[in-house]
Peer 1: 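Please read through the structure below; I'll follow up with questions.
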Amino acid sequence: MVQIMKENKRKTVSLSMISYELRNVTGNPFVHIFGIGLPIFFLFIITRMTVSELQDASLIKTVSTTVFLGISTLIPMAMILMGYSVMQSQDIEKGIPERLQLFGIEQHITICNRIISELIFLSSAIILYFLVGIIFMDLQAPVITGIISYIFCILVFSLICFILGHAVATLLRKFSLTYCAAMLLYFVFMIFGGMMGLTYDNMSAPMQAVAKLLPVTYFNRDFYTIWTGESYNFVPMLQSYLFLGAVSAVLLFIALKRDKRKGNLS
């Protein structure tokens with residue numbers, strides 16, 4: 001009977017918990033600055049700089065759409081990889097995960113609630129980004145398969161960012177270290193993804209080898225082809241997702257194992 005009562009007290013994924021986590025996300029200044037404001041700012045700046053150098057006006061729509069699709073990856077990188085990892089490290093420093101477990105909220109339940117809340121806020125940010133692009137940019141209209149592919153790819157990339165962000169925060173456990181590591185990953189992804197002025201074609205061979213392992217490279221370099229429904233070889237992009245996903249999963253596994261071992265020792 002006691003066991004049954006304990007099981008009934010265990011909390012599950014619920015609307016109230018998702019709402020609570022969503023309020024935490026919206027109260028995080030990092031996601032508003034880097035996840036909403038900065039991508040829109042970069043979109044206008046980079047597009048204007050690139051278009052101003054074009055001599056063929058017929059390429060404006062192609063270039064604008066390519067920049068638009070590439071810059072959109074900053075949203076999950078900033079909101080989840082950086083914003084969530086920083087918020088998680090603050091929670092770890094304050095002992096919040098342990099307190100939640102005392103109330104019957106297991107770690108995997110908390111993670112599920114946070115994934116849902118992060119994806120809800122991410123979706124609203126991407127919708128806002130698309131509205132800005134549609135209203136103020138001269139974009140190429142996508143084919144149905146193009147928009148479906150984009151939604152699927154950005155969703156999977158966001159989930160990988162969540163796993164990587166949670167792993168970094170759990171491994172480092174301190175706000176300062178997590179912030180430094182997340183910011184470093186953020187700019188590494190931007191540099192090798194071709195969003196810092198250095199395109200893939202202008203990179204050295206070692207840099208190109210690294211760039212091929214990151215999904216952001218394909219958003220910035222190739223996704224216009226998918227967006228417009230042209231023939232495209234998905235194998236290199238798939239390999240980049242598998243690589244980054246595997247690295248993130250291994251880091252998370254190590255972090256959770258270490259935490260479990262420390263808990264057993266204590």
Side-chain angles (χ1 to χ4, degrees), residues 28 30-43 45-47 50 66-89 118-119 121-122 125-126 129 150-172 177-224 226 236-252 255:
N28 186 349
F30 289 95
V31 300
H32 297 283
I33 297 172
F34 294 100
I36 299 177
L38 199 61
I40 294 176
F41 174 77
F42 276 158
L43 175 63
I45 294 298
I46 295 177
T47 302
T50 307
T66 300
V67 173
F68 175 81
L69 294 172
I71 295 297
S72 68
T73 56
L74 293 182
I75 300 176
M77 285 196 301
M79 284 191 169
I80 300 180
L81 177 58
M82 188 164 63
Y84 170 73
S85 63
V86 167
M87 184 175 66
Q88 176 67 6
S89 66
E118 291 284 347
L119 291 181
F121 194 74
L122 175 76
I126 290 178
Y129 179 81
Y150 174 84
I151 294 172
F152 178 78
C153 290
I154 202 74
L155 176 62
V156 175
F157 179 62
S158 300
L159 292 174
I160 293 175
C161 285
F162 183 92
I163 295 171
L164 182 57
H166 192 87
V168 169
T170 307
L171 282 171
L172 300 180
L177 295 176
T178 302
Y179 177 78
C180 180
M183 185 67 76
L184 180 63
L185 286 172
Y186 179 82
F187 282 109
V188 166
F189 283 7
M190 286 185 66
I191 292 171
F192 284 95
M195 291 179 279
M196 295 290 284
L198 183 64
T199 63
Y200 177 85
D201 294 332
N202 294 328
M203 293 180 184
S204 61
M207 289 186 68
Q208 286 184 347
V210 175
K212 288 179 181 179
L213 300 176
L214 302 176
V216 290
T217 300
Y218 301 93
F219 273 95
N220 194 55
R221 189 188 67 174
D222 298 343
F223 218 92
Y224 178 83
I226 304 171
M237 180 188 289
L238 178 61
Q239 290 173 339
S240 71
Y241 273 91
L242 291 175
F243 171 79
L244 187 59
V247 170
S248 302
V250 169
L251 289 176
L252 182 60

Peer 1: Any chance you could measure Leu122, atom CG, to Leu159, atom CG, to the nearest 0.5 Å?
Peer 2: 9.5 Å
Peer 1: Does Ser240 use its side chain to pair, donor to acceptor, with the backbone of Met237 at less than 3.5 Å?
Peer 2: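 At least one qualifying donor-acceptor pair exists.
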Peer 1: Would you indicate whether the side-chain heavy atoms of Ile75 and Ile154 approach each other to under 4.5 Å?
Peer 2: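 Contact flag for Ile154/Ile75 side chains = no.
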Peer 1: Does Tyr218 use its side chain to pair, donor to acceptor, with the backbone of Lys212 at less than 3.5 Å?
Peer 2: yes
Peer 1: Which atoms form the tightest heavy-atom contact between Ala169 and Ser85, and what is the distance?
Peer 2: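 That would be CB-O, 3.4 Å.
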Peer 1: Could you state the interatomic distance from CZ (Phe223) to SG (Cys153), rounded to the nearest 0.5 Å?
Peer 2: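 Taking CZ in Phe223 and SG in Cys153, the distance rounds to 4.0 Å.
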Peer 1: Give the minimum heavy-atom separation between Met190 and Met196, together with the two atoms involved.
Peer 2: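 Smallest heavy-atom distance, with atoms named: CE-SD, 3.4 Å.
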Peer 1: Taking the inter-plane angle between the rings of Phe219 and Phe157 on a 0 to 90° scale, is it parallel (under 30°), tilted (30 to 60°) or perpendicular (over 60°)?
Peer 2: tilted
Peer 1: Could you grab the distance from atom OG1 of Thr217 to atom CG of Asp222, nearest 0.5 Å is fine?
Peer 2: 9.0 Å
Peer 1: Would you check if the side chain of Gln239 reaches a backbone N or O of Leu213 as a donor-acceptor pair within less than 3.5 Å?
Peer 2: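 Not at all, since once roles are kept as given, no pair shorter than 3.5 Å links the two residues.
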Peer 1: Could you measure the distance from the CG atom of Leu244 to the CZ atom of Phe189? Nearest 0.5 Å is fine.
Peer 2: 5.0 Å
Peer 1: For the atom pair CE (Met195) and CZ (Phe187), what is the distance rounded to the nearest 0.5 Å?
Peer 2: 11.0 Å
Peer 1: Starting at CG of Leu74, measure out to CD1 of Ile36 and round the result to the nearest 0.5 Å.
Peer 2: 13.0 Å
Peer 1: Indicate the atoms forming the closest heavy-atom contact of Gly70 with Asn220, along with that distance.
Peer 2: CA-OD1, 3.6 Å
Peer 1: Looking at every heavy atom in both Ser248 and Ile160, which two are closest together, and how far apart are they?
Peer 2: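 Minimum heavy-atom contact is OG-CG2, 3.7 Å.
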Peer 1: Would a 4.5 Å heavy-atom cut-off, applied to side chains only, mark Tyr200 and Gln208 as touching?
Peer 2: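 Of all side-chain heavy-atom pairs linking Gln208 with Tyr200, at least one is under 4.5 Å.
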Peer 1: If you take all heavy atoms of Leu43 and Tyr129, which pair is closest and at what distance?
Peer 2: CD1-OH, 3.7 Å
Peer 1: Taking the side chain as everything from C-beta on, heavy atoms only, tell me whether Leu177 gets closer than 4.5 Å to Leu171.
Peer 2: no
Peer 1: Do the side chains of Met82 and Met183 get nearer than 4.5 Å, heavy atoms only?
Peer 2: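 Met183 vs Met82: side chains touch.
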Peer 1: Which heavy-atom pair separates Gly83 from Val31 by the least distance, and what is that distance?
Peer 2: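 Heavy atoms of Gly83 and Val31 come nearest at CA-CG1, 4.2 Å.
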Peer 1: Evaluate the criterion side chain to side chain contact (heavy atoms under 4.5 Å, CB included) for residue pair Ser89 and Leu172; output intermediate values, then yes/no.
Peer 2: CA-CA 8 Å; Ser89 66; Leu172 300 180; over 6 Å; no
Peer 1: Could you walk me through whether Ile226 and Leu69 pass the side chain to side chain contact (heavy atoms under 4.5 Å, CB included) check?
Peer 2: CA-CA 11 Å; Ile226 304 171; Leu69 294 172; over 6 Å; no
